[in-house]
Each structure stands twice: as structure tokens, then as C-alpha cells.
*Asks:* 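This is the structure, below, for whatever I ask next.
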Amino acid sequence: MQREIYCAPGSAAIGSIADRVPIPVDQIERLADFATELQIDLTIVGPEQPLALGVVDAFVERGLPIFGPTREAAQLETSKVFAKQFMQRNAIPTARAEVAESAEQMVAAARGIGLPVALKADGLAAGKGVLLAHDESELEHAAAVFFEKRRFGEAGDRVLVEEFLVGQEVSFIALSDGYRLLPMATSKDYKRIHEDDRGPNTGGMGAHSPSGIVSGQVARTVFENVLQPTVEAMRSEGTPFVGVLYAGIMLTQDGPKVLEFNTRLGDPEAQALLLRLEDDLADVLAAGALGDFVRSRLSFRSGASACIVLAAGGYPGEPELGAVIEGLDPQGSSNEADVEVFHAGTDLDDEGRFRVAGGRVLNVCAVGTGLRDALRKAYGVAERISWPGRQMRPDIGRQVVAAGELRQSGMIRIPRELLDETPRS
């Protein structure tokens, strides 16, 4: 059966595989009108903004198949306070936290919990609404950022003051049809802008799959104690969750704890994971939109995948836009085997040249026999792509590769069962 793909609004590069639809993602009724007119068989929601605006609710009202959570269910991502209170009342492991609505309340809550703390804007902030306060000086600065300078606008009207968790961070993602879950392979992303996890948070500067730091036992624990209870509790509370359930997990000494939920495929984790997925994603999500997965497990290719983000100068603050991107072929790719270049913030000028048009510009992704091989391929292409001010972390996967090689050498001994594993639902 021939498939036609439409992307709204889509980047310049996606025009080679999909018809671009010039409708902004926040124009919900126009999107629904378009899907109705063309009798679209399945709509998949990528960004968080249309979920927050109720695109799924609007499509469901018209009987249009769509894969994603309703506006109410999407609050797991769109409201940090909602998610925290949901986890607290359903005994889902997470950090201690309090809610503050003023600078004074925030400072008092932080002192009560004990520094250091994580301070999170309640609403959507493009992955940049988190500040860390290690001491009183940083706490006072953060209070000014949230409530005086109002850097995050209405998203920061309420702030979640959260216990600072120590450990390794890893991503767990599963697909839900409202009842059952299909876990995806593990992945790990890198949020800080600079090498060695320095600098401010971003939407993600790189990722790889598998994570390389998660045991099969831990994967099952997260599935049984976090993912499955979340879907069951959402259904029992009258807000069935259909869509992508993403749990950012901190592996602490007290066990896995939820840092945050997303309700869509995380970026750049999506690219790393989907390059390894062997099943037809459209078929899987179409079944999920109807509320009935027809399989119990997803299949992923062996080996590993890696994703390297190339960001604009100035990101995650004000990105420097307009520079011509060198090192891409005319289609915006690389012509390298096992390497894909995904466009996030680019545009074409009148001469057919790709230019910087966003903070995170390109995701250079590769698959390989192992993580070192995938990283070698991805970095090899990424190094050839340039523009003035380009930013790239040079250490994606570095520590994971080093630890894996120590295990293989016998210097670190680890049971065979303590390997990355996708738990069966």
C-alpha cells in the first residue's frame, strides 16, 4: 500500500520524504481541518506544545485517529507540579519536593529541604526551565531569575523546589495504548551544553542507545515500579494515557527515582532509538491510537546507535541565526553509510544553501556494531559540518565506552544478567 506522509510545518530538509504543510503547530483547528479534508489515517504528535493545547482532544472529537495523550493526560509533562503530585499520591519513586509561588516561598522551601536543590519551572520551558542551587548565593540568584527577571514567563509562576538527586541519569521510554506498554530500548542523553556536564541545561546535546549503564534488573524495576503503575494510575484517575511515556530516571543509591516525565519521544533520544527499531513504527502507533497493541514486544537491532547535536552559537540562550552551514550535500545529508543527519533548526536560502534557523540545528546520528563504532561514525561526519559559532560536545558516550572496555578487559567484573535489556510488557 502506498503511503503519503505530511509534516506540519516541517523543516526544509524533510521535504525530500514528506509533503510540508504550512500550518503552525499551535493552530489546532486548522490542523484538524486539514486532517479531515485529506482523510488522514493516522496523525502522530511530535512536539509538546500542541499536546498542551489539546490537539488530541480536538482530533478525537472529530473521530480522527491520532497517537498522543489528551491535554489532561499530557500534564505529566506540561506541569511539573501536576506530575510531582501524581507521583506522590501513587507512590511512584521520586525526589522530595515542595511548590513555591513566590521568591520567599522558594527560598524557604529550599532551606527546608536542604541545599543543594533543583528548581523547576512548572510549565513548558523548552527543556531549559531547570536551575540548580548549590549554595545560598545561587539560591538568591535563582529566586531573582524566576520571580523578578521572569526569565520563564508564566511557566515559572509556580516553581517545584526539589531534592537534589545524585547518581547516573538514564532515559526509559515506552509506548502506551492506554492499557498496555511496549518498552523501548534504553537510552542515555546528555543535557548540559559543555563537556563533562558543565554549563546550563539544554534540550539535549547528544544521546546513545543502549544506555550502557542499566542492568536488566534495573530495567525491570523501572518498568514495574514506574512505567506500568503510571499508566494504571492515569487510567484509574479517569485520564487514560495514550502516547509515548518518557521517564527521565536518576539511578540513586536508594534505587531508581523519576526526575521528570515527557509525553512524547525525547529529542535526541528519538533519533538514537528509532534508528535501531526494526518494527514498522506507523503500524505500531496506528494500533496504539485504536487502543489495542497487537504485539507484546518491540524489536531492536543489535549493536548501538549514537546521536551528536550540533547547536548554534549562543544556545541555550539567544542562538546566533543565519549562518551558512558547510559540509552537507544538496539534500542536507552526508552520503555516509550508517549515518543520518536530522534537521532541527535549519532553513534554505534563495541559493539553496542550508542556514542556521534555531538553537539546536542538526542531529548527526549513526548505527554501529557497538557504541564506540557508532560514535566514531557520527563524530566523523559531525566534524566535517561547520558554521561560525557551532557548538558540539566532544564527550558523548565517552565514559560509557571506557567503562564497557574495562568490563571486557576483566578489570571490572559484572554478571551477564547486568546488561542493558528491554523488559517484556
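Numbering of residues begins at 1 and proceeds along the displayed sequence. FYI, side chains are in, hydrogens and waters are out, and symmetry mates aren't considered; it's all heavy atoms of this structure. Keep in mind the model is a prediction, meaning the values are calculated, not measured.
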*Asks:* Can you name the side-chain contact (heavy atoms from CB on, under 4.5 Å) partners of Asp177, sequence neighbours left out?
*Replies:*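 Expected list: Tyr179, Arg180, Phe293.
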
*Asks:* My understanding is that only residues two or more places apart in sequence, or in another chain, count here; which of them pass ring-ring contact (aromatic ring centres under 6.0 Å, His included) with Tyr246?
*Replies:* none

*Asks:* If you count the non-hydrogen atoms of other residues, nucleotides and ligands that lie under 6.0 Å from CD in Glu154, is the total more than 12?
*Replies:* no

*Asks:* For a quick test of your reading: what N or O donor-acceptor pairs under 3.5 Å do the side chains of residues 313-328 make, sequence neighbours left out?
*Replies:*
residue : atom : partner : partner atom : Å
Tyr315  : OH   : Gly203  : N            : 2.9

*Asks:* Backbone N or O of Ala304 within a donor-acceptor pair of the Arg276 side chain at under 3.5 Å?
*Replies:*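 Absent.
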
*Asks:* For the side chain of Glu138 and the backbone of His134, is there at least one donor-acceptor N/O pair under 3.5 Å apart?
*Replies:*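 The answer is yes, because a donor-acceptor pair under 3.5 Å joins these two groups.
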
*Asks:* Any salt bridge between Glu48 and Arg264, counting N to O under 4.0 Å?
*Replies:* yes

*Asks:* Is a side-chain donor or acceptor of Gln391 paired with a backbone partner of Ala312 at a separation under 3.5 angstrom?
*Replies:*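 Here the side-chain-to-backbone pair exists.
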
*Asks:* Mind checking what makes side-chain contact (heavy atoms from CB on, under 4.5 Å) contact with Asp350, not counting sequence neighbours?
*Replies:*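 For Asp350 there are no side-chain contact (heavy atoms from CB on, under 4.5 Å) partners, ignoring immediate neighbours.
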
*Asks:* With side chain to side chain donor-acceptor pair (under 3.5 Å) as the rule and sequence neighbours excluded, what pairs involving residues 12-31 come up?
*Replies:* Glu29-Arg62

*Asks:* Does the distance from a Lys or Arg side-chain N to an Asp or Glu carboxylate O, for Lys188 and Glu169, drop under 4.0 Å?
*Replies:*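 Salt bridge between Lys188 and Glu169, a charged N being under 4.0 Å from a carboxylate O: no.
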
*Asks:* Measure the shortest side-chain to side-chain distance between Phe172 and Met184 over non-hydrogen atoms and say whether it is less than 4.5 angstrom.
*Replies:*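 With C-beta onward as the side chain, the pair stays apart.
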
*Asks:* Using the test side-chain hydrogen bond (donor to acceptor under 3.5 Å, both in side chains), find all partners of Thr94 that sit at least two apart in sequence or belong to another chain.
*Replies:* Lys84

*Asks:* Would the distance check show the side chain of Asp280 and the main-chain N or O of Ala282 forming a donor-acceptor pair, the cut-off being under 3.5 Å?
*Replies:*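 Looks like yes, one N/O pair under 3.5 Å.
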
*Asks:* Keeping Asp329 on the side-chain end and Gly332 on the backbone end, is there a donor-acceptor pair under 3.5 Å?
*Replies:*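 It does hold such a pair.
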
*Asks:* Take Phe34 and Tyr6 through the test ring-ring contact (aromatic ring centres under 6.0 Å, His included) and record every step on the way to the result.
*Replies:* CA-CA 10 Å; Phe34 177 85; Tyr6 300 88; 5.6 Å; yes

*Asks:* Does the Asp189 side chain pair with the main chain of Ala207, one donor and one acceptor, at a distance under 3.5 Å?
*Replies:*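 Pair absent, no side-chain N/O of Asp189 close to backbone of Ala207.
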
*Asks:* Give a yes or no on whether the backbone of Thr252 and the side-chain of Lys257 come within a donor-acceptor separation of less than 3.5 Å.
*Replies:* no

*Asks:* Any salt bridge between Asp347 and Arg353, counting N to O under 4.0 Å?
*Replies:*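 Looking at Arg353 together with Asp347, the answer is no, because their closest N to O distance does not fall below 4.0 Å.
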
